[in-house]
Number of protein chains: 2
Amino acid sequence: MGKGKVDIRDVAALAGVSVGSASRVINGVENVSPETRDKVERAIAILDYRPNHTAQALRSRSSKTIGCLFTDVTNPLYARLFRSLEERLRKDGYMLLLANGLNDAQRETETLALFARRGMDGVIAAPGNETDAQVLAALQALAMPVVVLDRDIAAPGCDALLFDHAAGMKAAMAELFAQGHQRIALALWRASSRPVRRRIEGYRAAYKAAGLRAPDMLVQAASATASVFADVDALLKRADRPTAIVAQGTYTLGSTLRAIEANGLRVPQDISVVTIGDSDFARDHSPSISLLNVDAQRVAEGIAMLLHSRMTDPGQPGRSERVPLQFTDRGSIGPAPRP
Amino acid sequence: MGKGKVDIRDVAALAGVSVGSASRVINGVENVSPETRDKVERAIAILDYRPNHTAQALRSRSSKTIGCLFTDVTNPLYARLFRSLEERLRKDGYMLLLANGLNDAQRETETLALFARRGMDGVIAAPGNETDAQVLAALQALAMPVVVLDRDIAAPGCDALLFDHAAGMKAAMAELFAQGHQRIALALWRASSRPVRRRIEGYRAAYKAAGLRAPDMLVQAASATASVFADVDALLKRADRPTAIVAQGTYTLGSTLRAIEANGLRVPQDISVVTIGDSDFARDHSPSISLLNVDAQRVAEGIAMLLHSRMTDPGQPGRSERVPLQFTDRGSIGPAPRP
DNA sequence: CTGAAAGCGCTAACAG
DNA sequence: CTGTTAGCGCTTTCAG
């Protein structure tokens, strides 16, 4: 038979009950007699009835949909997060609307407004720009629960899930210090985004905590996809070249490794390497590159918790949840070479 | 003022017109006098009115939403496609619901049913399994336009957008033949998915078309993320080792390059390399690896076209659109070495 | 060109 | 526990 032609009234009629009772059964409400439930369920089965989600959403004021605004799904981190989020939220009956912000404030503002118009039950946002007034205003204007993802945005009533970059960085540095490394380079890109800022902070804090002076070995690529080959190459040609290097992101890591190779150095005998972020390329490398990254499932769990908590108590003050960065040793680090 | 509190009746009241007229203005219907339009627009601006999308969807039977069922967004190809699709469909006012199939037939079936219940205006599906009866049935059962993405699924009334793997493969092979290569290896993974099948077909067809016998140089990894190091290594140690190799996917390419390196061979002097798929790692490699891949924008354009075409004429027979694989020479191929 | 009225399909009061 | 009824906010006939 045709699609969507059968509605709740047909079900009620066939079951010989009122639409109200049919609705109760469909929604698993408590106060329904077993017989009624049975009759309705039978009718549903016979008619192959599927509730119209749009009508449910309009009437119940709940779309069972979460809007995700990520900078770019093409970034493996967001792709992994999305997958975990979908997995987690699907359990609660939610589906996800996904939109890329692409570092375009206007686009992000529009997207947030659309989420509002579409009555999302919640919004998860990682805008590219943390300070754009329009974006901040759009975020504030949202009436539904909002979780800001790893951005330093203090919007009253907004919850945030933050990655603990600094602590992760310090942990990785501690590993390297323990192996006798003192000249550790850090390669990432030039941006004022929270991840970059926090990692540099952690890097410096680690030196300070170790009672050492941070060397002048910070390399910042022009963009996330730019090469740091030249800068790292120059670093490696110095007399006091680094004995270890921490590289954030696939491109940075790739060009770092090429520079190492070009200088005839071996990993980890001559230089230790740690990467931050996604593991695809890093894991497949030889040797496999030790890694600092975030557990997507844990992030999803944290977001689900924040969302749920605010749904049940909308008035509570903004919370922020922290997820650690995990260090995985995979054989690309070794003792610092003797001078 | 509060969110969503102002509705179309408030607008109509303030504008001094009927709800019907307000609606006409909102929807840009033709037959509206300039004055009415003006009054309504003014009222909208004053009240900061935003139409409730859910109510619009229920009444107009159009959700302005497209459901995407991809195998896994973590796959860079799908991530890129999603981005292009969002970009393209956003122009027409659509937002995208994204779900990962994860090669789980039941999950895919459920997702398609949910798309139906939620009244998607269209569905774009790339199921992991092309032959699962449940999935096929769920696909057929959809009342809205469906575009199957690069899968050999012949569902009556379903349109398909297919990548022309075989032709692309032949083009790449032609490049290699032209440089004198005769022993060309192909490394990919073991799967019966359309992409893998078609590429092997193209590989064999290219040899046939060149009047050559295909050598026994087909390497199939256990999975897309498994290493082909051992197999390629063995191949390279043969007296009649390949002078060129085509590798599909980042992992396959990575382990192929390592095997080449381990055998002391240089690219492209000793061996030429072509990769298929995403370019992230390949582009950053030294030398940059020549590539065979699909233009995501073109794919998005094709899908939008198929969707639009079927929306305007639902009765038309199933169509399939082909998108070529483009070959990009980037310096990892050279003349076949003299024996 | 505009207003009035009738729902889209469903849930949530509210009586009973 | 169940039936009845009133809408959710909007679009779309249908008259005028």
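Protein chains get the first letters and strands the later ones, always in sequence-line order, with residue 1 at the start of each.
Atom pair B/Arg59:CZ and C/dA5:P shows a separation of 16 Å (rounding to whole Å applied). Atom CZ of A/Arg61 is separated from atom P of D/dC8 by 8 Å (rounded to the nearest Å). Computed from coordinates, the A/Leu58 CG to C/dC8 P distance equals 13 Å when rounded to whole Å. As a whole-Å value, the separation of A/Lys5 NZ from C/dC8 P is 13 Å. In this entry the distance linking CZ of A/Arg118 with P of D/dC8 reads 22 Å, nearest Å. The NZ atom of A/Lys64 sits 23 Å away from the P atom of C/dG9 (whole-angstrom rounding). Atom pair A/Ile8:CD1 and C/dG7:C1' shows a separation of 16 Å (rounding to whole Å applied). Protein atom CZ of A/Arg50 is 13 Å distant from nucleotide atom P of C/dC10, rounded to whole Å.
With hydrogens and angles ignored, the 3.5 Å screen pairs a side-chain donor or acceptor of A/Thr71 with a backbone N or O of A/Ala126. In terms of modelled atom types and a separation under 3.5 Å, the side chain of A/Asp38 and the main chain of A/Glu41 share no donor-acceptor contact.
A sub-4.0 Å separation between OP1 or OP2 of C/dC1 and a side-chain N or O of B/Ser33 is absent. The side chain of B/Thr54 places no N or O atom within less than 4.0 Å of a non-bridging phosphate oxygen (OP1 or OP2) of D/dC10. The phosphate of C/dC10 has neither OP1 nor OP2 within less than 4.0 Å of any side-chain N or O from A/Gln56. At C/dC10, none of the side-chain N or O atoms of A/Ser60 fall inside 4.0 Å of OP1 or OP2 (strictly under the cut-off).
Checked against side-chain hydrogen bond (donor to acceptor under 3.5 Å, both in side chains), B/Arg107 has the following partners two or more places apart in sequence or in another chain: A/Glu86, A/Glu87.
With respect to B/Arg310 and B/Asp159, a salt bridge is recorded, a charged nitrogen being found less than 4.0 Å from a carboxylate O. Using a 4.0 Å cut-off between charged nitrogen and carboxylate oxygen, B/Arg194 and B/Glu130 do not count as a salt-bridge pair. Classification of B/Asp92 and B/Arg90 as a salt-bridged pair fails, no side-chain N sitting under 4.0 Å from a carboxylate O.
Checking B/Ala55 against B/Ser18, the closest nucleotide of DNA chain C that is more toward the 5' end is the one next to B/Ser18.
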Step by step, would you call B/Arg319 with B/Ser309 a side chain to side chain donor-acceptor pair (under 3.5 Å)?
-> CA-CA 10 Å; B/Arg319 281 212 267 172; B/Ser309 163; 2.7 Å; yes
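A donor and an acceptor atom never sit less than 3.5 Å apart when one is taken from the side chain of A/Arg9 and the other from the base of C/dG9.
A heavy-atom distance below 4.0 Å to DNA chain C is reached by these residues of residues 23-31 of chain A, ordered by number: A/Ser23, A/Arg24, A/Asn27.
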